[in-house]
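When a ligand or atom number is given, it counts from 1 through the structure's own listing order. Just so you know, these numbers come straight off a predicted model, no measurement behind them.
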Amino acid sequence: MLDQEIKTIGSGFSERTGAVFEGKLTAVDRVREAVTKIRAIDPAYHSFVTVCEERALTMAEKLDRETQGLSQEEVRRRFPLAGLVFAVKDNICVEGVRTTAASHILENYISPYSATAVVRLEEAGAICVGKTNMDEFAMGQTTTTGAFGATKNPRYPDLSAGGSSGGSAAAVALGLVDFALGSDTGGSIRQPAALCGVVGLKPAYGAVSRYGLISYASAFDGIGPITRTVHEARQICFVIEGSDAQDASMRESEYFQPPTKENDGRLRVGVLGGEDSEAATVLRKNPTFCENYEIRYIELPMLEYAVATYYILACAQAASNLARYDGVRYGFRAKGYETLDQMYEMTRTEGFSPEVQRRILMGRFVLGQESYRDWYEQAARVRRRIYDQVQEAFAEVDVIVSETLKRPYPRADFAGDSEAFLAGYEQDKLTVLANLCGLPAISVPVPAEGDDAPHSIMVTANAGREAAMFEAADRLAAPFTPCVKGGPADE
Ligand code: GLN
C-alpha cells in the first residue's frame, strides 16, 4: 500500500476507530462492546450463527499489545483498520471457527485456515467477532432456507432479509458490527444489502481472492463487503483485493484509477429499462445527480436470457463443486448404512436440503452426455452474447444504473418449496448480469419514501472502471440509518 492511501483508509470509520487510534479505547473494549450488543439484540433477528468471542478477544489482546507505545500515526499506518469489528458469512473460512455454509453436511466443520480476505483484514487490525447466517451453500435469496433457521429483516419486517448473505446485511443494518463480508455468485451481497438498507459491493471477478470461500459456482463466486457507506465499502475492498498465489483466477486490479471522463468531464450514466423504470424514478428525485452527469437510457435485450443462462451454468458448477461432500472427507456422515454406495447416498440425502439437491440434479442433467450440447454449451454461448452486448453498452456509457432486484421482493414468510424457489430465480435478473460478465457492481440504499418506493439502486461498471462506479454510487446513496431506534445500536 502507498503511504498516502494508508493515511486515508481509516477515515470513513473514524468515529468508531478514532478512540482506538488515540489510545482511549482498546481493541478488547470494542470486542466486548460488540459481543454484548450481539447477545442483547441478535436473538430477535438471528443474523449470527456463531459468535467467536474467545478468538476475538485473543486477537484484540494481541493487537493491543502490538499497538502499545506506538504513536497514533504509526498505529494508523501499520493497522489501518485497528479496532474495527466485523462479521463473516458462514461460507468463508475463519481459522479455528465452525464454518457450516448453513448446511447440515458441514454442521461440525471447524476450518483449519482462514480465507485470504479474512487474513488481510486481520493483518490490518480488524477483528472478526462471528459468522453470519445465509441460505444453504449460498443458494437462495432470502436467508430463510439454511439449516439453522431464518434471519429476520431488521428494517422491513414483512420482507425477507434477502440472501444469500442476509445475516451479514442484517448485522450491519443493526449496527452490531462495523462491516461484514458476504459472497456474491448471482446477487447474494447486493440483494440482502438492498433489502436491509445498507451498501453491498460485489467486486469484479478476480479482484478478491476466492481462497477460503466455500465454492458454489467458481466462475461467478466472489467475496465482497457489506457496509454502511460507499466510502467504507471501497476502503474494505482496498484491503482485501489484490493478487494471491492461492487463487489462479485473479486479475491485476485497477481500483484506484481515476475515472476517465471522455465527455467534457461528465460521467455518462446508462439507465437500464427506460424512462419508466424504477431506476429512472430514483434519478429524477436527485436533480444534482442529473445535472452533474449525462443521463442516457439504454436497453440490453439479451438480459431476457440472463436468468436461464445463469442457473444452467451455476448449477453445472455447483454439481461438480458439491461432489466433495461425500461423508468421507468433511463433516456429516449418515448412520445405519451397509454399503459404501449407501453411505454416499444417505449422507447426501440427509445432509443437503431439497433445494441444494435440486440444483445438483439440474447441474448433473445439463452436464450429461445427452444434454451437454443443448444445455451447457448453449448457455455458455449465450453468456458470451450477453457479455458482448454489455461491452457494446460500455462503449456508450461509463456506468449502468438499475434497480438492484426485481419485484415482488422476497417475503419474510418465503415458503422454501420448489415453486417459491423457481419464482425467486426471476428476482435475480438484474444482479446476475455482473456475475455472468465478471463486472463490479454495488447496491446502495436510496432515500426512503414509503413502503412502495424502491429501497435501493445498483451501479455496475466495466472491470477496471471501479472509480466511476464508486463515484456515481456515492452520489446516489442515502446516509446510513440504524434499524434499532434507541437501542445500543443506535449510535
Ligand atoms: N440467488 C442466486 C442463487 O440462488 C444467487 C446466489 C448467490 O449470489 N450466492 O443462485
Side-chain angles (χ1 to χ4, degrees), residues 88-92 101-103 132-146 151 160-169 180-195 200-205 208 210 213-226 306-319 321-322 352-363 366 379 383 404-406 408-410 414 416-443 458 460:
V88 176
K89 184 179 182 179
D90 212 19
N91 61 347
I92 300 172
S103 181
T132 54
N133 199 13
M134 54 184 284
D135 291 298
E136 185 174 348
F137 283 105
M139 297 172 183
Q141 48 274 93
T142 58
T143 313
T144 59
T145 66
T151 292
S160 83
S164 61
S165 316
S168 288
L181 290 183
S183 73
D184 194 311
T185 303
S188 279
I189 288 176
R190 292 160 287 159
Q191 291 193 17
L195 291 169
L201 167 66
K202 173 221 172 288
Y205 186 75
V208 176
R210 284 182 294 112
L213 168 64
I214 293 179
S215 302
Y216 162 14
S218 318
F220 305 145
D221 292 341
I223 293 177
I226 295 182
V307 168
T309 307
Y310 166 78
Y311 276 94
I312 291 169
L313 297 175
C315 288
Q317 296 174 68
N321 274 326
L322 271 58
F352 292 134
S353 69
E355 175 64 10
V356 173
Q357 292 182 31
R358 248 187 319 270
R359 293 192 188 204
I360 294 172
L361 291 174
M362 199 143 83
V366 301
R383 177 191 183 187
T404 305
L405 71 165
K406 285 282 173 197
Y409 296 149
F414 182 77
D417 54 25
S418 55
E419 268 166 53
F421 263 104
L422 266 171
Y425 293 177
E426 275 305 309
Q427 256 141 27
D428 297 344
K429 185 170 174 182
L430 296 164
T431 46
V432 295
L433 185 70
N435 306 80
L436 286 169
C437 302
L439 307 173
I442 188 167
S443 174
M458 180 166 67
T460 305

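Distances from atom 4 (O) of ligand 1 to the heavy atoms of Ala217, Gly424, Gly140, Gly163 show the closest one on Gly140.
Here the closest heavy-atom approach between residue Cys315 and residue Met362 is recorded as SG-CE, 3.3 Å. The heavy-atom pair separating Met134 from Ala102 by the smallest distance is O-CB, 3.5 Å. The two residues Arg190 and Ala434 make their nearest non-hydrogen contact at NH1-CB, 3.6 Å.
Put simply, no part of Ala314 is less than 4.0 Å from ligand 1, judged by heavy atoms. Assignment of Phe220 to the shell around ligand 1 is not supported, since no heavy atom sits closer than 4.0 Å.
Ligand-side atoms of ligand 1 in range of Asp184: 8 (O), range being under 4.0 angstrom from any heavy atom. Residue-ligand proximity, Gln141 to ligand 1, at heavy-atom distances under 4.0 Å covers atoms 1 (N). Ligand-side atoms of ligand 1 in range of Tyr216: 3 (C), 9 (N), 10 (O), range being under 4.0 angstrom from any heavy atom. Residue contact check: Ser164 has heavy atoms under 4.0 Å from atoms 9 (N) of ligand 1. Atoms of ligand 1 found under 4.0 Å from any heavy atom of Ala138, numbered from 1 in the order shown, are 6 (C), 7 (C), 9 (N). Under a 4.0 Å criterion applied to the non-hydrogen atoms of Arg359, ligand 1 contributes the atoms 3 (C), 4 (O), 10 (O). With ligand atoms numbered from 1 in the order given, ligand 1 contributes 4 (O) to contacts under 4.0 Å with heavy atoms of Met139.
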>> Is there a side chain to side chain contact (heavy atoms under 4.5 Å, CB included) between Ser215 and Gln317? Walk through the geometry before answering.
In response: CA-CA 9 Å; Ser215 302; Gln317 296 174 68; over 6 Å; no
> Step by step, would you call Phe352 with Leu322 a side chain to side chain contact (heavy atoms under 4.5 Å, CB included)?
Replying inline: CA-CA 10 Å; Phe352 292 134; Leu322 271 58; 4.1 Å; yes
> Please walk me through it: do Leu430 and Leu405 pass side chain to side chain contact (heavy atoms under 4.5 Å, CB included)?
Replying inline: CA-CA 6 Å; Leu430 296 164; Leu405 71 165; over 6 Å; no
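Taking any N or O of Thr185, backbone or side chain, at least one lies under 3.5 Å from an N or O belonging to ligand 1.
Tyr310 OH, 3.3 Å is the protein heavy atom nearest to atom 5 (C) of ligand 1. Looking at atom 2 (C) of ligand 1, its nearest protein heavy atom turns out to be Asp428 OD2, 3.2 Å. Protein heavy atom in closest approach to atom 8 (O) of ligand 1: Gly186 N, 2.6 Å. Protein heavy atom nearest atom 6 (C) of ligand 1, with residue, atom name and distance: Ser188 OG, 2.8 Å.
Within the 4.5 Å cutoff, side-chain heavy atoms of Leu313 are placed close to those of Phe220.
At a heavy-atom cutoff of 4.0 Å, ligand 1 is contacted by no atom of Tyr425, backbone or side chain.
Under the 30°/60° scheme for interplanar angles, the aromatic rings of Tyr311 and Tyr425 are found to lie parallel.
A donor-acceptor pair under 3.5 Å is absent between the side-chain atoms of Glu355 and the main chain of Met139, judged by distance alone.
Atom CD1 in Ile223 sits 4.0 Å away from atom CD1 in Ile92 (nearest 0.5 Å).
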